[in-house]
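Working notes, beginning with the structure itself.
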Amino acid sequence: MVTRLKEVDAVVIGVGWSGSILARELTKAGLKVVGLERGAMRLPETDFALPHSRDELSNGVRLGLVLDPSIETYTMRHATDETALPIRRFGAFLPGMGLGGAGTIWNGLTWRFTPFDHAARTRTIERYGAGVIPEDMPLSDWAMSYDELEPFYERFEKLCGVSGRAGNLRGRKIDGGNIFEGTRQSDYPNPPLVQSQAGHMFETAARKLGLHPYPTPSSNVSTAYTNPEGATLGACQYCGHCDRFGCAVNAKASPNSAILPVLLRDPNFELRTDAYVTRLIYDKAGRKVTAVRYIDRKSGEEYEQPAGIVALCSYTFSNTRLMLMSGIGTPYDPHSGTGSVGKNFCYQVTSQVQVFTKEEINPFMATGGHAMNVDDFNGDNFDHTGLGFIGGALIFAGPTHGRPIVNRPVPPGTPRWGRAWKEATAKWYNHSFSMHASGGNFANRGNYLDLDPTYRDEAGLPLLRMTFNFREQDYKLSAYTLGKAIEIAKAMNPALLGTPMPRKGNLNVVPYQSTHNTGGTIMGDDPHTSVVNRDLQSWEADNLFILGASVFPQNPAHPPTGAVGALSYWAAQAILTRYVKSPGPLN
Amino acid sequence: MASGRLTLTADEVSFFTAAADTLIPGDDLSPSASACGVIDFIDSELAGAWGQGARLYRNGPILKGKPEHGYQLGLTPREFFRTGIAAAERWTQSTYGKNFAGLDDPDAALSAMETGKASFDGFEAREFFEALLSIVMEGFFADPIHGGNRDMAGWKMVGYPGQPANYRDVIEQHRGKRYDVAPRSITDIGK
Ligand SMILES: Cc1cc2nc3c(=O)[nH]c(=O)nc-3n(C[C@H](O)[C@H](O)[C@H](O)COP(=O)(O)OP(=O)(O)OC[C@H]3O[C@@H](n4cnc5c(N)ncnc54)[C@H](O)[C@@H]3O)c2cc1C
Ligand code: SF4
């Protein structure tokens, strides 16, 4: 039996970064909002407290704060003629679960996308002609330009107290910042973090090569900071436990530290944890989602929560899965190319090389975001003529941690155990760091999401199935940008270099790559080829908004969350200034 | 025979001890794995929630995948090691006429599993080796609160300072310089 609850003004599904921001904006404007989060309550003072929170085994290896796959996981296959198998343990990416979502356990690298990223199709055709776009790549522009989103990027940076150095302030290029970035109206709210030895070596080498190194814009705040919500973030301790952990000193901006302390006190907001949303009740004729169905995971009881506005804020996978399970819109068909729900599923093209140094590195003195980077080989910042790919990679170095269960590199040829392994490990642990070329991933007609015909979640509902593989574009991008990273590494005069690891072969769900999964409910200006319009409103249901990286038409090289935050403020503004006044299609 | 353990049998204890001490032998860099509590660690991990299959999707059908699909067996870690050790011991017996703990050259036996030269009946030798190597390394490097890494021997070997990991006031002076401190564990700072 399903219990039908009293209608509220808005329901937010998933209380991570996008759900928290949207809920905060709506409650501030006086709307009554219910937040439904499938995971547990998570408060910094109880759940991320020392001494236990910096335990590598529990959180870093056993993944205590990540989605429990026995509740819900995804299946994966490389092509439509294969049978997808379930991801039984997460590895390549780590979806969030619990109050704060993946926002609790992120590293904190907080980039904006570039003007090119917002207009990749137009810019590529302008410079190289349409012929360079592979036939199976549905390349699209974003539904809004960089300049339109700029004030919203700024709002998210101020919320997070981002530490960084501007490289393009109102058109003035600033050496030491990212001179390739889009024009910013204001500098970062906090100065950059203290640089690591690895970052320092990277910076010197990159300058020697005539490149433009700059510090990571980071939500690990360099100095204590009170954000516009009135939440206070502590100064970063460089403890090396950002990714996969909650921050014990609230120095990493997360929903839990930067916004939930205020939201949870707001009487207009009601949070329900352990609320696993299984369906949006869709009135097709009325073009509305009338209610949201969920299971209370503690009791097993089912509820239906009616609402005036419904927002999917449940990350790429659940956003897409809930659209498919609720029968809203047309599922994408890779053979005919028709339909839009599930299309343009993208990931990340990561490549790396290990650098072994004469210098002491102290990899454990680290934060998620104190690397040094270059954008010289990102987007369209270099000439692609004859290269056979478009886009590029963010190249960077700087340890994010020295946690020894997983981070203890040894030179190529070293055995993996025994006396020789011990000697090499003791010798190199403090003399090594990795260099990364983290590439964007463009959409491919064959990469998409749909419902798995066989495997089921804890509630007996179909798992989401990903059909994904890397393509020629990705392999070429990886080889080229890793080559550039190796040139920088060589200019550091290292003791040794590891075996280069370009992206090769099939998608492998075991080694961590990034939790930057995008697409499935993309934005656009055509209801036939996109799922939401430029206000992130569903083309099929006027009161349904979709937030998160699932709306990206393709995944740029920079990490996604700066844009996820910006788009949350963008959608909130559209809802509050236009939709609430006259509910109906905004475009 | 009783093992005095939470879950490991006496035979499993002798297998794990011999294998772990081959992977991490005692020398002047550290005591051996078993002397560092790695077997205690394995026992408590396999008896606990993780060993019993927590955070593992176990629904069928169980099908053989590509390596890129990752773990595809229906076994919990506890069951995996029970079945895997039995298969490893059968292979050791038939190859060398002895059980693993009695081998003269355990390095060669582990190398054969690592490279796939060993073929177990009914079990993937390489998959078994990888899981063995992982759990032994976890026991050597995890915080001692989990039962291994006794006296923080693993951390001392590499120079990892452990807890509480507050480097704000030292990071700048130690850029490029060794940071020499005695490591501390969760129990040390919880005192
Ligand atoms: C280890 C790690 C490191 C990362 N580092 C970075 C980084 O440095 N920089 C960067 O830009 N990005 C990083 N990310 C990605 C970043 O965390 C995400 O982009 C961001 O959290 C996305 O926000 P979101 O609101 O879309 O999703 P989330 O923050 O994950 O929130 C989604 C919420 O929805 C809930 N939910 C899902 N399905 C349901 C359902 N059916 N019913 C109810 N609730 C549901 C989830 O439990 C979750 O709490 C990292 C991620 C991880 C895991
Ligand atoms: S490195 Fe800084 S921001 Fe990251 S978890 Fe530690 S104290 Fe928090």
Side-chain angles (χ1 to χ4, degrees), chain A residues 50-52 54-57 61-64 66 68-70 73 76 78 83 85-89 91 194-197 200 235-241 249 359-362 364-366 402-405 408 416-419 421-423 425-426 429-430 454-456 505-510, chain B residues 22-25 27 29-30 45 50 53-61 63 65-73 107 110 114 133 136-138 140-143 145-146 154-155 157-168 170-172 174-179 185-190:
Chain A
L50 288 173
H52 284 85
R54 292 175 184 164
D55 177 28
E56 181 183 13
L57 186 73
V61 178
R62 302 281 184 254
L63 305 176
V66 170
D68 177 348
S70 72
T73 185
M76 188 278 286
H78 296 117
T83 301
L85 294 185
I87 300 174
R88 296 187 180 275
R89 268 193 197 111
V194 174
Q195 202 39 250
S196 65
Q197 173 65 22
H200 174 70
C236 175
Q237 297 187 339
Y238 302 82
C239 79
H241 292 78
V249 291
E359 295 83 354
E360 306 276 344
I361 297 300
N362 296 332
F364 42 85
M365 295 184 186
R403 303 188 300 258
I405 298 178
R408 39 184 172 79
R416 296 165 68 213
W417 46 277
R419 286 219 159 75
W421 166 78
K422 285 182 78 174
E423 265 165 41
T425 304
Y429 171 80
N430 210 39
T454 308
Y455 291 96
R456 310 249 146 189
N506 292 331
L507 170 69
N508 185 335
V509 300
V510 182
Chain B
T22 308
L23 297 173
I24 306 181
D27 56 19
L29 289 170
S30 82
E45 283 299 294
W50 176 78
R55 301 193 154 271
L56 179 64
Y57 179 78
R58 294 178 62 211
N59 294 11
L63 300 171
K66 311 179 196 177
E68 299 94 308
H69 284 113
Y71 187 70
Q72 288 297 332
L73 300 180
D107 286 70
L110 286 181
E114 179 180 23
L133 184 65
V136 168
M137 292 297 170
E138 286 164 8
F140 191 60
F141 288 113
D143 191 287
I145 204 163
H146 298 285
W155 292 356
M157 181 177 110
V158 297
Y160 179 65
Q163 304 284 343
N166 182 352
Y167 305 113
R168 183 171 177 80
V170 294
I171 180 168
E172 202 141 19
H174 286 84
R175 190 185 297 128
K177 296 200 191 84
R178 196 164 190 90
Y179 181 62
S185 68
I186 289 174
T187 19
D188 292 331
I189 62 160

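When heavy atoms are compared at a cutoff of 4.5 Å, B:P61 approaches chain A by way of both its backbone and its side chain. The parts of A:V509 that come within reach of chain B are both its backbone and its side chain, each placing non-hydrogen atoms under 4.5 angstrom from that chain. For a residue to count as touching a neighbouring chain, one of its non-hydrogen atoms must lie under 4.5 Å from one of that chain's; by this rule B:S185 does not touch chain A. At a 4.5 Å heavy-atom cutoff, the contact between A:R416 and chain B is made by backbone and side-chain atoms alike. A:Y429 touches chain B through its side chain: at least one heavy atom from C-beta onward sits under 4.5 Å away, while N, CA, C and O do not. Interface residue A:I87: only backbone heavy atoms are found under 4.5 Å from chain B. Within the 4.5 angstrom heavy-atom criterion, only backbone atoms of A:S196 (N, CA, C, O) approach chain B. If you measure heavy-atom distances from B:L110 to chain A, the contacts under 4.5 Å come from both the backbone and the side chain.
Taking CD of A:Q197 as the start and CD1 of B:I171 as the end, the distance is 10.5 Å to the nearest 0.5 Å. Atom OG1 of B:T22 sits about 10.0 Å away from atom CZ of A:R419, to the nearest 0.5 Å. Note that CZ of A:R408 is 5.0 Å distant from CE of B:M137, once rounded to the nearest 0.5 Å. The distance from the CG atom of A:L507 to the NE2 atom of B:H69 is 9.0 Å, given to the nearest 0.5 Å. In this structure, B:L63 CG and A:Y455 OH are separated by 4.0 Å, a value rounded to the nearest 0.5 Å. To the nearest 0.5 Å, atoms CZ (B:R55) and CG (A:L63) are separated by 7.0 Å.
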For this session: In sequence, state the C-alpha distance, the side-chain angles, and the governing distance for A:E423 and B:D27, and then conclude on side chain to side chain contact (heavy atoms under 4.5 Å, CB included).
Result: CA-CA 10 Å; A:E423 265 165 41; B:D27 56 19; 5.8 Å; no
Problem set entry | side chain to side chain contact (heavy atoms under 4.5 Å, CB included) between A:V510 and B:Y71, worked out | CA-CA 9 Å; A:V510 182; B:Y71 187 70; over 6 Å; no
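Listed by chain and number, the residues in a ring-ring contact (aromatic ring centres under 6.0 Å, His included) with A:F364 are B:Y167 (sequence neighbours excluded). Partners of B:F140 according to the ring-ring contact (aromatic ring centres under 6.0 Å, His included) rule, which considers only residues two or more places apart in sequence or in another chain, do not exist here.
In this structure, B:I186 and A:P51 approach most closely via the heavy-atom pair CG1-O, 3.7 Å. Contact detail for B:L29 and A:A426: the closest heavy-atom pair is CD2-CB, 4.1 Å. Between A:R456 and B:Y57, the shortest heavy-atom distance links the atoms O-OH, 2.7 Å. Listed here is the closest heavy atom pair of A:P86 and B:Q72: O-NE2, 2.7 Å. Shortest non-hydrogen contact noted between B:W155 and A:P404 is NE1-CG, 3.6 Å.
The shortest distance between side-chain heavy atoms of B:H146 and A:D55 falls below 4.5 Å. A 4.5 Å side-chain heavy-atom check between B:R168 and A:C239 finds every atom pair outside the cut-off. Contact annotation: the side chain of B:R58 never approaches that of A:S70 to less than 4.5 Å [non-hydrogen atoms, C-beta and beyond]. Under the 4.5 Å side-chain criterion, counting only non-hydrogen atoms from C-beta, B:E114 is in contact with A:W417.
Between the A:R89 side chain and the B:L56 main chain, no donor and acceptor come within less than 3.5 Å of each other. Side-chain atoms of A:N362 come within 3.5 Å of backbone atoms of B:H174 as a donor-acceptor pair (strictly under, hydrogens ignored). Between the side chain of B:D143 and the backbone N or O of A:E56, no donor-acceptor pair lies under 3.5 Å. Without hydrogens or angle criteria, A:R88 side chain to B:N59 main chain gives a donor-acceptor distance under 3.5 Å. Proximity of a side-chain donor or acceptor of A:K422 to a complementary backbone N or O of B:S30 within less than 3.5 Å is detected. Distance alone, capped at 3.5 Å, places no donor-acceptor pair between the B:R178 side chain and the A:E360 backbone. Checking side-chain atoms of B:Q163 against main-chain N and O of A:H52 turns up no donor-acceptor pair under 3.5 Å.
The candidate from A:M76, A:R54, A:R62 with the greatest count of non-hydrogen atom pairs under 4.5 Å with chain B is A:R62. Highest contact tally toward chain B, considering only A:L50, A:I361, A:L85, A:I405, is held by A:L85 [criterion: heavy-atom pairs under 4.5 Å].
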